[in-house]
Amino acid sequence: MKQDEFIGLEDQFGAHNYKPLDVVLSRGKGVWVWDVDGNKYLDCLAAYSAVNQGHCHPKIMQAMIDQAEKLTLTSRAFRNDQLGPFYKDLCDLTHSHKVLPMNSGAEAVETAIKTVRKWGYTVKGVEEDQAEIIVCDNNFHGRTISIVSFSTDENARAGFGPFTPGFKCIPFGDAEALEAAITDNTVAFLVEPIQGEAGVMIPPGGYLKKAREICDRHNIVLILDEIQTGLGRTGKLLAEEHEGIEADLTIIGKALSGGFYPVSAVLSNTEVMNVLQPGEHGSTFGGNPLACAVARAALQVLFDEKMIENSYQQGNYFLNELKKISHPHIKEVRGRGLMLAIEFHPEVGGARAYCNELKEHGILAKDTHENIVRFAPPLVIQRDEVDMILDAINKVLPL
Ligand SMILES: *Cc1c(COP(=O)(O)O)cnc(C)c1O
């Protein structure tokens with residue numbers, strides 16, 4: 001079949017809830033992907049950071065095949081021999097005490113919300129049904145009803161009410177606004193260390209440290225959504241490490257499976273996670289042996305193959321080179337590790353057209369909003385490959 005025929009099938013039979021670039025991929029390896037006509041592209045999105053380890057990593061693939069031949073699903077009605085070791089690996093690596101495994105990122109966010117509400121009522125002593133969670137403008141935490149209830153993106157919300165109450169929005173990066181928003185009913189502050197979908201928005205230095213201090217002072221749970229920033233993306237295992245803090249709850253997903261399988265988790269301290277009792281929360285697939293085996297391998301290769309250091313080094317190089325580009329359309333370049341963006345002046349816009357041009361030069365990147373292009377390649381990228389991206393960016397810029 002030809003590219004157009006695949007696209008036709010999607011258009012005819014699929015829901016139109018995405019507007020993808022018109023490239024139909026059929027193969028991937030490391031930072032490279034190939035379309036059905038055999039054209040090769042450098043992937044600068046990495047499935048929104050779900051394939052940090054590179055496409056079809058052989059060790060993760062082997063772990064998946066080995067486990068698929070043995071046991072794939074028990075449900076949590078019975079125990080399995082992969083879950084305990086997965087918990088231990090995750091806790092050892094992240095200094096967490098407790099893990100609750102789920103599948104998608106949104107499910108893990110929902111899990112965190114339920115958990116801190118219950119903590120609010122049973123430990124903090126908030127009056128029933130009064131719990132408030134503070135979140136930030138321009139957040140992205142997923143697509144469920146509760147999560148879009150506290151989105152500030154009209155596109156994500158319009159037409160989907162009635163919404164879940166109990167959330168309060170404050171500006172991102174503003175510690176004073178956090179302090180001012182707190183009431184006796186506040187149970188948690190939920191924030192992304194760097195806002196990914198908003199366009200790689202990096203808060204002022206010291207923001208997370210201040211948030212940590214404010215949460216401590218008011219007995220509030222600090223929840224970091226590291227679904228996108230975590231697992232090496234920003235040059236550290238978790239982005240919280242850049243400010244030397246530890247969240248009470250950390251949400252991870254995406255690259256936790258290296259792109260093979262939906263695996264997410266809430267990492268927690270003991271006090272908060274211990275409020276959940278049998279029957280109060282769960283998931284048929286959450287913590288299944290296939291997911292656990294894949295996730296353990298995905299974590300292992302991040303360290304064994306020094307992908308986190310590579311993210312830091314290539315990311316610094318990439319950002320420094322981006323900063324050297326001077327073009328009247330560019331408002332700002334920014335990034336941390338391999339999470340980078342070029343923001344064009346709003347009146348220029350054209351991020352989508354720019355991505356289409358990059359595609360013609362063998363680079364797949366995705367626009368966020370009208371005027372921002374994000375660059376987040378797999379963490380296995382090498383210097384000469386970063387140079388290829390820079391070369392394409394330079395060629396396409398005069399637009
Ligand atoms: C992708 C993402 C989510 C949602 O994850 P899904 O697996 O798509 O449900 C939540 N938070 C952040 C920061 C994300 O990047």
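Counting begins at 1 with the first residue of the sequence. Model, not experiment: these values are computed from the prediction.
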If you look at every heavy atom in [X] and [Y], which pair is closest and at what distance?
X: F86; Y: P101; result: CE2-CB, 4.4 Å
X: S283; Y: E107; result: OG-OE2, 4.4 Å
X: A63; Y: A293; result: CB-O, 4.0 Å
X: G335; Y: L319; result: O-CD2, 3.6 Å

Is a side-chain donor or acceptor of [X] paired with a backbone partner of [Y] at a separation under 3.5 angstrom?
X: Q67; Y: L71; result: yes
X: T152; Y: D137; result: no
X: Q3; Y: V23; result: no
X: S264; Y: G253; result: no
X: E240; Y: A247; result: yes
X: N39; Y: D35; result: no
X: K124; Y: T186; result: yes
X: H16; Y: D11; result: yes
X: E10; Y: I7; result: no
X: R334; Y: I342; result: no

Just checking, is any N or O donor in the side chain of [X] or [Y] under 3.5 Å from an acceptor N or O on the other one?
X: S96; Y: T94; result: yes
X: H242; Y: T234; result: yes
X: D43; Y: H55; result: yes
X: H97; Y: S268; result: no
X: E343; Y: H369; result: no

Candidate pair Q228 and E197, rule side-chain hydrogen bond (donor to acceptor under 3.5 Å, both in side chains), full reasoning = CA-CA 9 Å; Q228 191 163 147; E197 293 319 293; 2.9 Å; yes

Looking at [X], I want to see if its [atom1] is surrounded by more than 12 non-hydrogen atoms of other residues, nucleotides or ligands under 6.0 Å.
X: E128; atom1: CD; result: no
X: F285; atom1: CZ; result: no
X: Y261; atom1: OH; result: yes
X: D304; atom1: CG; result: yes
X: K366; atom1: NZ; result: yes
X: E127; atom1: CD; result: no
X: K98; atom1: NZ; result: no

What is the distance from atom CG of L267 to atom CG of L100, rounded to the nearest 0.5 Å?
->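 Rounded to the nearest 0.5 Å, the CG-CG separation comes out at 10.0 Å.
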
Could you label the plane-to-plane angle of the F344 and Y354 rings as parallel, tilted or perpendicular, counting under 30° as parallel and over 60° as perpendicular?
->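 Taking Y354 first and then F344, their aromatic rings stand perpendicular (interplane angle over 60°).
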
Do the ring planes of Y207 and F172 sit parallel (below 30°), tilted (30 to 60°) or perpendicular (above 60°)?
->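 Perpendicular.
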
Under 4.0 Å between a side-chain nitrogen and a carboxylate oxygen: does that hold for [X] and [Y]?
X: E179; Y: K210; answer: no
X: E213; Y: K209; answer: no
X: D66; Y: K70; answer: no
X: K306; Y: E309; answer: no
X: D153; Y: R157; answer: no

Quick one: do R233 and S49 satisfy side-chain hydrogen bond (donor to acceptor under 3.5 Å, both in side chains)? Show the steps, please.
-> CA-CA 7 Å; R233 176 50 60 190; S49 294; 2.9 Å; yes

Give the intermediate values and the outcome of side-chain hydrogen bond (donor to acceptor under 3.5 Å, both in side chains) for residues H361 and K395.
-> CA-CA 9 Å; H361 287 77; K395 278 193 186 125; 5.6 Å; no

Among the clusters formed by ILVMFWY side chains lying less than 4.5 Å apart, do L238 and V99 turn up in the same one?
->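 L238 and V99: one cluster.
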
Hey, any chance V116 and F150 share a hydrophobic cluster, counting ILVMFWY side chains that come within less than 4.5 Å of each other, even indirectly?
->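 Yes; tracing contacts between hydrophobic side chains, which count when under 4.5 Å, links both residues.
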
